[in-house]
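Structure, as structure tokens:
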Amino acid sequence: MIGEIKKEYNTENLVYKPAGQFEETRFEKIHNIIFNNSIYASKIVAKEIAELIQLKASENKMCVLGLATGSSPIKVYEELVRLHNEENLSFSNVITFNLDEYLPIEPNNIQSYYYFMHEHLFDHVDILPENINIPDGTVSPEDFYQYCVDYELKIKEAGGLDFQLLGIGRTGHIGFNEPGSHYNSGTRVITLDHITRQDAAPSFLGIDNVPKKAVTMGISTIKNAKRIVLLAWGLNKAKVIQKTIEGDITSQIPATYLQVHKNTTFILDEESSSELIRIKTPWLVTSCVWTENLKKKAVFWLSEKVQKPILKLTDKDYNEYGMSSLLAKEGSAYDLNIKIFNKLQHTITGWPGGKSNADDTNRPERATPSKKRVIIFSPHPDDDVISMGGTFDRLVEQGHEVHVAYQTSGNIAVTDEDALKFAETALTLTDDKQNINAIINDLRRKNQNSIDSTLVRKLKGTIRKTESLAATRYLKVPDNNVHFLNLPFYETGTVKKNKLSSEDIDIMSNLIEQIQPHQIYAAGDLADPHGTHKVCLDALFKSLEVLKSKKYMNDCWVWLYRGAWFEWDSHEIDMAVPMSPDQVIKKRNAIFFHQSQKDKVMFRGDDTREFWVRAEDRNRLTARKYHQLGMADYAAIEAFKRYYF
């Protein structure tokens, strides 16, 4: 099957294309393919599954699929549903076994994997209900053992798994086989790792609501599958992917057990593969085509490796770390060092909107027009100040017409406790108590499986809106320049969002058309390729496609910032805006206006730091990296990458 499918990959969508296109490097122990687009990659995987189903049907056999949940396989299931609806793919000969389920959990709970599978696949295809097997989250503790034995027997009676689809957790778990799982383990009950529960917390609206146990297929069960495909998307999977593919087999990273499976492929995107040696440092693996960006990447890496600023690197340093071909191309370390040093220096500016009446030849932004119209797109009502609060402040202080557009209401990130506090306060200030009492009653009656009512969502959105206005007023932005777009895709009342629609694109496009900006800033944080930031970025990109023929768009530059978790790598940065100690404090104060997101923010992940601390630490680290490369010692730096459309 691997050989058959490989021939059909569109090589334009592959990131790594050496002469031996699908051969792993000597560092890699699991076959993997890297795509520049997770949607395209998902379609390829769906096609392989579809062809297997059809092959089995032609042989009058059942096709036994092991299926996964989580964000990674969603687009695979979406494509399988499309193939069923539009290309007559039948699931009548398919038997499925899901990997895992939370314990305890009811099937109708919107966080259950039973609910997930029916929502994304089973309710939309012609699979027979009796052929669907999902671990039961309601089994009593005294029946667990026999239930797990029976699940294993049922897989064997079906002939074993023909195909197993997997995701991977940041602990390296496959299924819910957490660190410490034995390679001979079968289906069993397991206690979830704290990191796994933290990653699930957004879906459950807080870690306290995430079950502590689960039932999962074992490592041995998974390894017995005839074919295994593992999907990994996003920067937050990069480190565990590197350890899984290049590291030793260890129970502390259960996914490494797949190294001994003879028919496994990891399907990756650019972000999840970014820590692999052939991606991070390709000059250590093979001959390189030395593009300008790769030269920067190599020199910055070498500077960090030998702990020398760029201008002190020697020919010997380059030769010892696999870059002799780069020296041969550039002539000498001296010439190359000066060239790369100048490129880095030219990214630094205290004038993010451009400096008027100045030579802008070596500046990241244009000098003209001297006063620019600027839109800062913020996916949630605090990303603007968390991610680029210092630059935001500079743009306003330097006289540019700054607009802020909050793409979503952010209502889901307000806790019920905060909403209740505001509602009870409002009750004392109004004579019209009907709606306020309705909100209070909704909040008090709410249980874990409930979706916020429209009134509660409106209150939570209003809380985020007033906090945003307080922050923008502090930064001296007129209220008329603050836009609350409330993109419809977000307004579901749950973590799961709707697909991007033409209505979302129209709202974005209309605002750009109205302002006709010279600069657009937007969140380029792709840690979760299916998350709100990614959807908001896609909305911008699609709007730019709609508008790019407009004359005013010829003068519009787009700058991407990163969110609270990651920063651009040094070689990716096109504009670096230094911050003084006073500006660091001012940025912190702007973040503090978002009080509902302070202290008890629901979606902090595995990082216990508050957002303002994360932001300051990240900005200081960027400044430190610039200093170590040979630049001035700034208090902090905010970084941006230019997007060309």
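Position 1 is the first residue of the sequence; numbering continues from there. Treat the numbers as computed from the prediction; the structure is a model and nothing was measured.
Looking only at distances, a side-chain donor or acceptor of Ser185 sits under 3.5 Å from a matching main-chain atom of Ile219. Judged purely by atom type and a 3.5 angstrom limit, Ser38 has no side-chain atom pairing as donor or acceptor with the backbone of Asp269. With hydrogens and angles ignored, the 3.5 Å screen pairs a side-chain donor or acceptor of Glu246 with a backbone N or O of Ile277. No donor-acceptor pair under 3.5 Å is formed between the side chain of His380 and the backbone N or O of Asp382. Here the side chain of Asp569 pairs no donor or acceptor atom with the backbone of His571 at under 3.5 angstrom. The closest donor-acceptor contact from the side chain of Arg197 to the backbone of Ile207 lies under 3.5 Å. For the pair Gln259 (side chain) and Gly247 (backbone), a donor-acceptor distance under 3.5 Å is present. For the pair Gln164 (side chain) and Ala68 (backbone), a donor-acceptor distance under 3.5 Å is absent. Formation of a donor-acceptor pair under 3.5 Å by the Thr187 side chain with backbone atoms of Cys148 is not found in this model. The main-chain N or O of Ile174 is found under 3.5 Å from a side-chain atom of Asn177 such that the two form a donor-acceptor pair.
No side-chain heavy atom of Phe144 sits less than 4.5 Å from a side-chain heavy atom of Val215. Residues Pro73 and Leu67 fail the side-chain proximity criterion, which asks for heavy atoms closer than 4.5 Å. When side chains are defined from C-beta on, Ile241 does not count as touching Glu275, because their heavy atoms never get closer than 4.5 Å. Annotation: side chain of Asn131 is not in contact with side chain of Val94 (no heavy-atom distance under 4.5 Å). Residues His124 and Leu80 fail the side-chain proximity criterion, which asks for heavy atoms closer than 4.5 Å. Here the side chains of Tyr77 and Glu119 are not in contact, with every heavy-atom distance at 4.5 Å or above. Taking 4.5 Å as the limit, every side-chain heavy atom of Glu48 sits out of range of all side-chain heavy atoms of Val45. With a 4.5 Å cut-off on side-chain heavy atoms, Thr221 and Glu152 count as touching.
Under a cut-off of 6.0 angstrom, the local environment of CD in Glu142 is crowded, with over 12 non-hydrogen atoms contributed by other residues, nucleotides or ligands. Shown here is Lys43, whose NZ atom has no more than 12 heavy atoms of other residues, nucleotides or ligands within 6.0 Å. A 6.0 Å sphere centred on NZ of Lys243 holds no more than 12 heavy atoms belonging to other residues, nucleotides or ligands. Within 6.0 Å of CD on Glu304 lie no more than 12 heavy atoms contributed by other residues, nucleotides or ligands. With a 6.0 Å radius and a threshold of 12 heavy atoms from other residues, nucleotides or ligands, Tyr183 has its OH atom at or below the threshold. Heavy-atom neighbours of Asp123 CG from other residues, nucleotides or ligands within 6.0 Å: above the threshold of 12.
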| task | Would you sort out whether Asp136 and Tyr151 count as a side chain to side chain contact (heavy atoms under 4.5 Å, CB included), showing the intermediate values? | result | CA-CA 10 Å; Asp136 187 349; Tyr151 201 75; over 6 Å; no
| task | Check the pair Ser181, Arg188 against side chain to side chain donor-acceptor pair (under 3.5 Å), reporting the backbone distance first and the verdict last. | result | CA-CA 11 Å; Ser181 295; Arg188 67 203 187 285; 2.9 Å; yes
| message | Could you walk me through whether Asn108 and Tyr115 satisfy the side chain to side chain contact (heavy atoms under 4.5 Å, CB included) test, starting with their C-alpha distance in whole Å, then the side-chain angles of each, then the deciding distance to 0.1 Å, before giving a yes or no? | response | CA-CA 6 Å; Asn108 64 349; Tyr115 188 98; 5.5 Å; no
| message | Go through it in stages, so that I can follow the logic: the residues are Asn411 and Arg464, the test is side chain to side chain contact (heavy atoms under 4.5 Å, CB included), and I'd like the CA-CA distance, side-chain angles, deciding distance and then a yes or no. | response | CA-CA 7 Å; Asn411 56 35; Arg464 300 298 305 270; 5.6 Å; no
| request: Given salt bridge (Lys or Arg N to Asp or Glu O under 4.0 Å), test Glu78 with Lys75 step by step and report yes or no. | output: CA-CA 5 Å; Glu78 186 177 298; Lys75 292 297 180 183; 3.4 Å; yes
| What's the verdict on side chain to side chain contact (heavy atoms under 4.5 Å, CB included) for Thr265 and Ile33, showing C-alpha distance, side-chain angles and the deciding distance? | CA-CA 7 Å; Thr265 298; Ile33 304 172; 4.2 Å; yes
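Comment: Arg620 engages Glu616 in a salt bridge, judged by a side-chain N to carboxylate O separation of less than 4.0 angstrom. At a threshold of 4.0 Å, the pair Asp538-Lys534 counts as salt-bridged, since one of the basic side-chain nitrogens sits closer than that to a carboxylate oxygen. A salt bridge links Glu79 with Arg82: the distance from a Lys NZ or Arg NE/NH1/NH2 to an Asp or Glu carboxylate oxygen falls below 4.0 Å. The residues Glu567 and Lys625 are annotated as not salt-bridged, no charged nitrogen and carboxylate oxygen being separated by less than 4.0 angstrom. Ionic pairing of Lys460 and Asp418 is not present here: no N-O contact between side-chain nitrogen and carboxylate oxygen is shorter than 4.0 angstrom.
For Phe91, the ring pair (Phe, Tyr, Trp, His ring centres under 6.0 Å) criterion is met by no residue, not counting sequence neighbours. Partners of His118 according to the ring pair (Phe, Tyr, Trp, His ring centres under 6.0 Å) rule, which considers only residues two or more places apart in sequence or in another chain, are Tyr114, Phe122.
The side chain to side chain donor-acceptor pair (under 3.5 Å) analysis of residues 96-106, with sequence neighbours excluded, yields the pairs Tyr102-Tyr113.
Contact record, Leu268 with Ser273: CD1-CB, 3.9 Å, taken as the closest heavy-atom pair. In terms of heavy-atom proximity, Leu230 sits nearest to Gly167 at CD1-O, 3.7 Å. The minimum heavy-atom distance linking Ala41 with Trp233 is given by the pair CB-CH2, 3.7 Å. Closest of all the heavy-atom pairs between Thr171 and Pro179 is O-CG, 3.6 Å. Counting all heavy atoms, side chain and backbone alike, Glu178 lies closest to Pro254 at O-CG, 3.4 Å. Residues Phe489 and Thr408 approach most closely at CZ-CG2, 4.0 Å, considering heavy atoms.
Screening Ile245, Val229, Leu166, Ile34 against Phe266 for a side chain to side chain contact (heavy atoms under 4.5 Å, CB included) leaves a single residue, Ile245.
Summarising the geometry, atom CZ belonging to Arg614 is positioned 13.5 Å from atom CG belonging to Asn619; distances are rounded to the nearest 0.5 Å. Between the NZ atom of Lys47 and the CD1 atom of Ile44 there is a distance of 6.0 Å, given to the nearest 0.5 Å. Atoms CZ and OG1, from Arg170 and Thr196 in turn, are 8.5 Å apart once rounded to the nearest 0.5 Å. Interatomic distance, Lys641 NZ to Arg562 CZ, rounded to the nearest 0.5 Å: 9.0 Å. The line from CG of Leu121 to OG1 of Thr69 is 12.5 Å long, rounded to the nearest 0.5 Å. Atom NZ of Lys598 and atom CH2 of Trp612 lie 7.0 Å apart (nearest 0.5 Å).
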